[in-house]
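Worksheet: the structure to be examined is printed underneath.
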Amino acid sequence: MPEPIIEMENIIKIYPDGVVALKGVDLTIWKGEIHAILGENGAGKTTLMRILYGEIKPTSGAIKINGEEVDFHGPWDAIKRGIGMVYQHFTLIPTFTVLENLHLSLLALDESIKAEDVETLTRRLMDELGLKIPLYDVVEDLPIGVQQRVEIIKTLLRKANILILDEPTSVLTPIEVEELFKMLRKLKKLGITIIFITHKLREVKAISDRVTIMRRGKVVATLYTSKVSEEELARLTVDIDLTSKPKIRGGIRGRRILSINDLWVRDERGLDAVKGVSLELYEGEILGLAGVQGNGQKELIEAIVGIRRAYRGSIKYLDQDITSLSVGDRYKLGISYVPDSRNIGLVYEMNLTENSILTNLHNYLSGIRVINWSEAYRTADKIVREYNVVAPSLRSPIQYLSGGNQQKVMVGREATREPKVFIVSEPTHGLDVRATRFIRNMLVKLRDLGKSILLVSTDLDEIMELSNRIAVIYGGRIMSVGDKNEYTIKKLGLLMGGIHEQRITK
Amino acid sequence: MSKGSLSKLIETLSERLLTERREYLATLIETSSSLILALLAGGIVLAVLGYDPLNVYNILFRYGFGNIRYLLDKSTPLMMTGLAFAIPLIAGLFNIGGESQLYIGAFIALLAAYYTHSHVIGILAGTIAGGLLGAFIGILRVYRGINEVISSIMVNWIFFYLIIYLISGVYYNPERPHESIPIPKDARIYPISNISVIFAIAVLASILYYIILFHTDIGYKMRVTGLSTASAKYAGFNPDLSMIYSMLLGGAAAGLGGALLVLGMTYSIDDMLSAVYGLGFTGIGIGLLGRLHPIGIILASIFFSGLLIGGQWVELKTGAPPELADTLIGVIVIALAIPYVYKLLVSRLIQRRVIE
Ligand SMILES: Nc1ncnc2c1ncn2[C@@H]1O[C@H](COP(=O)(O)OP(=O)(O)OP(=O)(O)O)[C@@H](O)[C@H]1O
Ligand SMILES: [Mg+2]
């Protein structure tokens with residue numbers, strides 16, 4: 001008989017604004033298992049985990065750790081009980097080295113601990129796990145996947161034996177996901193219990209022992225993963241039929257709308273991030289841009305949008321040179337952009353309505369530059385209805401929405417502007433199966449209407465499913481561009497790793 | 001309109017009203033509960049120092065809020081310096097320069113009114129002068145990277161001495177050498193049937209600022225800039241411009257405050273600047289007390305002036321040293337400005353209510 005390590009009983013959570021996020025949830029986690037939590041956007045997964053981590057208090061309900069009832073007053077209490085949580089937004093200090101970060105986090109537990117001790121401890125732990133992290137590298141220079149490992153190491157150094165991961169894979173490339181899974185399996189062998197939130201059914205199947213499915217603040221079922229299929233999971237979580245994939249037609253390619261010629265762009269540190277990229281985008285196509293994060297794709301699209309200046313090369317929109325046009329003017333031309341970070345695409349303290357006119361303010365102004373709020377409400381309402389956003393009201397601060405619902409507002413806002421050139425970065429980031437499908441269908445629909453879409457995604461399935469053409473970026477250069485049919489996931493993976501095409505075909 | 005859509009409309013309208021009312025109610029509960037806490041805290045301080053809290057409070061409020069016209073007059077410049085601090089902070093800048101922006105506003109208004117005999121021109125000139133001085137600090141910050149707190153403080157002292165020099169050395173009143181030339185009688189602003197006109201102008205200005213902040217693109221851009229520069233850039237706004245605008249608007253508020261003060265209350269400036277000194281700094285407290293919201297700042301400035309006036313009466317009536325009143329006011333304001341304590345309380349209260 002498996003031994004329960006966490007028992008959450010009849011947890012109810014009502015947020016101050018009256019939203020009932022959890023309506024009596026029971027969750028039992030067994031010692032040493034990997035337990036996936038699955039559920040539609042806004043189901044209450046993050047809320048439940050924040051309660052377990054002591055970050056917020058439940059309105060009512062009991063939590064037992066190892067059979068003993070606990071009452072957490074903050075994450076510190078949870079950490080002392082061996083619970084660690086890795087957020088999607090990492091809490092590392094970007095300008096510190098890995099070792100300094102680890103040292104800092106341990107100082108909070110033991111004021112007298114020395115850097116050497118931290119290093120020994122860390123090296124021992126890394127040996128045990130069979131992984132290598134450069135301890136003297138500055139965190140911001142490391143790939144996201146490695147930063148995430150640092151976060152995990154951090155919790156382990158604090159002696160966590162229960163690890164909570166909230167959507168850890170949404171920022172990772174397939175290879176990084178594999179590495180994360182390897183690490184998690186190893187941790188499991190060492191007896192660590194893992195709770196894993198994800199929207200990707202394949203990941204649930206690949207990594208978890210059991211899975212709990214949540215819907216609207218309730219647990220629908222807890223099942224042995226091996227006993228359910230992906231299709232059943234999809235049906236249980238969001239009630240959709242996976243077998244009917246949307247049909248992606250070829251689309252009719254029209255005029256060349258964007259031509260990028262020998263573009264050079266620097267990053268924040270003044271280093272070349274984009275090194276002579278030339279790329280073309282046509283009407284009626286989805287061009288997928290694949291690449292491991294940090295290979296210049298962000299700088300490239302920011303230069304296209306105008307947020308970042310290209311110091312060499314040109315960008316042409318139809319026949320117009322837009323290289324030195326302001327962001328606002330490019331938006332007015334019909335360019336629209338969904339950034340990969342909700343931090344940037346949304347203003348958390350502002351409400352839903354205010355956020356839904358962020359990139360389109362000029363369309364809501366009267367002659368004397370007064371904002372037409374009733375028009376803005378109409379837009380917000382339209383986004384909420386069309387994209388199925390779950391929000392208490394149009395005036396709720398956007399930060400009170402669940403991650404997936406924030407994403408829907410951001411993507412919905414940009415799509416509602418009816419762009420001619422739609423640049424989307426990780427558009428389905430954090431969305432549940434149904435919302436993901438909805439957004440992908442929307443992109444295809446726009447494409448079929450003759451719009452041009454530049455899709456940046458670390459999710460290769462997404463790239464393969466949607467793109468007409470694919471470009472691979474590595475080290476600030478385009479490794480390869482071609483028709484979708486020329487690529488397989490495997491080939492993309494190699495190209496993204498910087499292996500040249502000639503060497504692959506040989 | 002079909003019956004279905006009508007009921008839908010009513011439903012959304014009532015939902016909106018409900019959420020809004022909940023917001024206002026929450027603010028009301030917060031403010032009043034924190035006010036009670038603040039008075040309790042002040043009372044404890046009084047008792048510890050050996051004074052009778054009830055007696056002191058009685059004097060403080062009876063006299064502080066007894067003479068309405070004086071109260072509103074006195075709150076006028078404070079309301080404006082409160083805005084001078086709040087507006088730039090909304091865009092992410094700390095304007096500590098309300099002092100000098102108010103001095104220059106008062107001084108320029110004085111000169112303008114003296115030479116033109118027009119209060120309207122006086123008001124405009126003072127407002128513009130304050131705005132330009134504010135914008136100057138904003139420009140230094142944006143184009144030269146000079147921290148606005150440091151430059152504000154430096155500018156404050158420069159203008160403090162410059163204006164003392166000008167008043168005592170150039171524009172002094174030959175009949176009263178310790179004062180500046182006076183505002184001519186025909187350019188003074190008098191109350192109309194006992195209603196404080198300068199206060200009314202200040203309230204109108206606050207409402208205008210409210211509209212700018214929440215109903216125009218400039219305000220929207222300033223708010224986005226203050227919350228997240230990265231988002232502002234993404235949205236295609238120019239954060240630098242928003243910051244300069246915010247300093248321009250903030251400085252203009254302080255300048256207007258100075259102009260109203262000299263045109264409607266003091267009619268001249270003394271060569272120690274005692275009539276204007278400190279109003280800018282007090283504005284910082286008022287801006288925070290009013291939660292950086294123009295309407296909140298109107299209320300905060302009235303409340304605060306009441307305390308200031310009452311504090312003087314406490315001194316007079318109980319023979320307590322002036323520090324007592326200052327301490328008391330300090331305790332009350334600090335207690336009021338710790339918002340998250342009651343936020344916590346209220347959220348607990350609402351939670352409980354929903355559960356039951
Ligand atoms: N701080 C908050 N204040 C008020 N309501 C909140 C807050 N955080 C979340 N909510 C609400 O609680 C509900 C559950 O949110 P939660 O973030 O737990 O969902 P989730 O299952 O993690 O969703 P997602 O998959 O989109 O991340 C949502 O309706 C959300 O709007
Ligand atoms: Mg979540």
Side-chain angles (χ1 to χ4, degrees), chain A residues 12-20 56-60 302 305-308 325-332 335 337-339 341-351 354-355 357-362 364-366 368-373 376-377 381 392-396 399 410 413, chain B residues 8-9 11-26 29-30 90 208 211-239 241-242 245 292 342-356:
Chain A
I12 295 177
K13 174 67 192 179
I14 302 169
Y15 278 109
D17 57 357
V19 172
V20 187
I56 50 177
K57 292 204 99 184
T59 310
S60 71
E302 286 189 354
V305 176
I307 297 170
R308 204 177 278 274
L325 227 53
S326 74
V327 180
D329 286 341
R330 293 188 211 203
Y331 285 165
K332 281 179 200 157
I335 296 178
Y337 168 43
V338 174
S341 159
R342 291 178 210 135
N343 260 331
I344 291 171
L346 297 170
V347 184
Y348 280 4
E349 288 84 351
M350 285 185 149
N351 70 32
E354 289 171 314
N355 267 289
I357 60 170
L358 182 66
T359 49
N360 203 11
L361 185 61
H362 63 96
Y364 294 87
L365 296 180
S366 70
I368 46 167
R369 301 170 77 169
V370 169
I371 299 174
N372 182 347
W373 282 117
Y377 277 112
D381 189 49
S393 88
L394 297 179
R395 290 161 179 264
S396 319
Q399 60 188 343
M410 183 167 75
R413 175 188 68 210
Chain B
K8 185 106 199 250
L9 185 75
E11 202 175 288
T12 47
L13 273 180
S14 58
E15 184 226 18
R16 191 196 267 196
L17 259 176
L18 212 76
T19 48
E20 243 169 75
R21 218 179 38 209
R22 199 188 284 158
E23 269 168 40
Y24 290 139
L25 199 70
I29 296 172
E30 272 174 33
I90 286 169
L208 183 66
I211 293 172
I212 291 175
L213 264 185
F214 294 101
H215 291 277
T216 70
D217 65 330
I218 296 175
Y220 182 91
K221 289 173 183 172
M222 288 190 331
R223 286 188 295 139
V224 173
T225 301
L227 293 169
S228 160
T229 322
S231 299
K233 283 187 186 151
Y234 160 68
F237 307 154
N238 181 346
L241 208 59
S242 292
Y245 272 138
L292 308 184
Y342 48 71
K343 275 239 163 83
L344 209 74
L345 267 171
V346 169
S347 71
R348 291 281 149 82
L349 278 176
I350 291 180
Q351 272 189 16
R352 196 149 311 146
R353 203 188 59 214
V354 173
I355 299 269
E356 278 159 7

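What's counted below: heavy atoms across the whole structure, side chains too, no hydrogens, waters or symmetry copies. We name chains A, B, ... by the order of the sequence lines, and we start the count at 1 in each one. These numbers were taken from a predicted model, which means no experiment stands behind them.
With a 4.5 angstrom heavy-atom cutoff, Leu346(A) touches chain B only via backbone atoms. Contacts between Glu354(A) and chain B at a heavy-atom distance below 4.5 Å involve backbone atoms as well as side-chain atoms. Using a 4.5 Å cut-off between heavy atoms, Ile218(B) touches chain A through its side chain atoms alone. Interface remark: Asn343(A) contributes backbone atoms only to the contact with chain B (heavy atom separation under 4.5 Å). For Arg413(A), the part sitting under 4.5 Å from any heavy atom of chain B is the side chain, from C-beta outward, and nothing else.
Every ring pair (Phe, Tyr, Trp, His ring centres under 6.0 Å) that Tyr337(A) has, sequence neighbours left out, goes to Tyr234(B).
Summarising the geometry, atom CD belonging to Glu349(A) is positioned 11.5 Å from atom CZ belonging to Arg223(B); distances are rounded to the nearest 0.5 Å. Atom NZ in Lys221(B) sits 5.5 Å away from atom CZ in Arg369(A) (nearest 0.5 Å). One distance of note links CG of Leu361(A) with CG of Asp217(B); it measures 5.5 Å at 0.5 Å rounding.
Nearest heavy-atom pair, Ile307(A) versus Lys233(B), reported as atom, atom and distance to 0.1 Å: CG1-O, 4.1 Å.
Counted within 6.0 Å of CZ on Phe237(B), heavy atoms from surrounding residues, nucleotides or ligands total more than 12; the atom is thus considered enclosed.
With Ser231(B) contributing its side chain and Ile344(A) its backbone, the two residues share a donor-acceptor pair below 3.5 Å. Tyr220(B) places no side-chain N or O within 3.5 Å of a backbone atom of Ile371(A) that could act as its donor or acceptor partner.
Chain B forms the most heavy-atom pairs under 4.5 Å with one residue out of Leu365(A), Asn372(A), Val305(A), Asp381(A), and that residue is Leu365(A).
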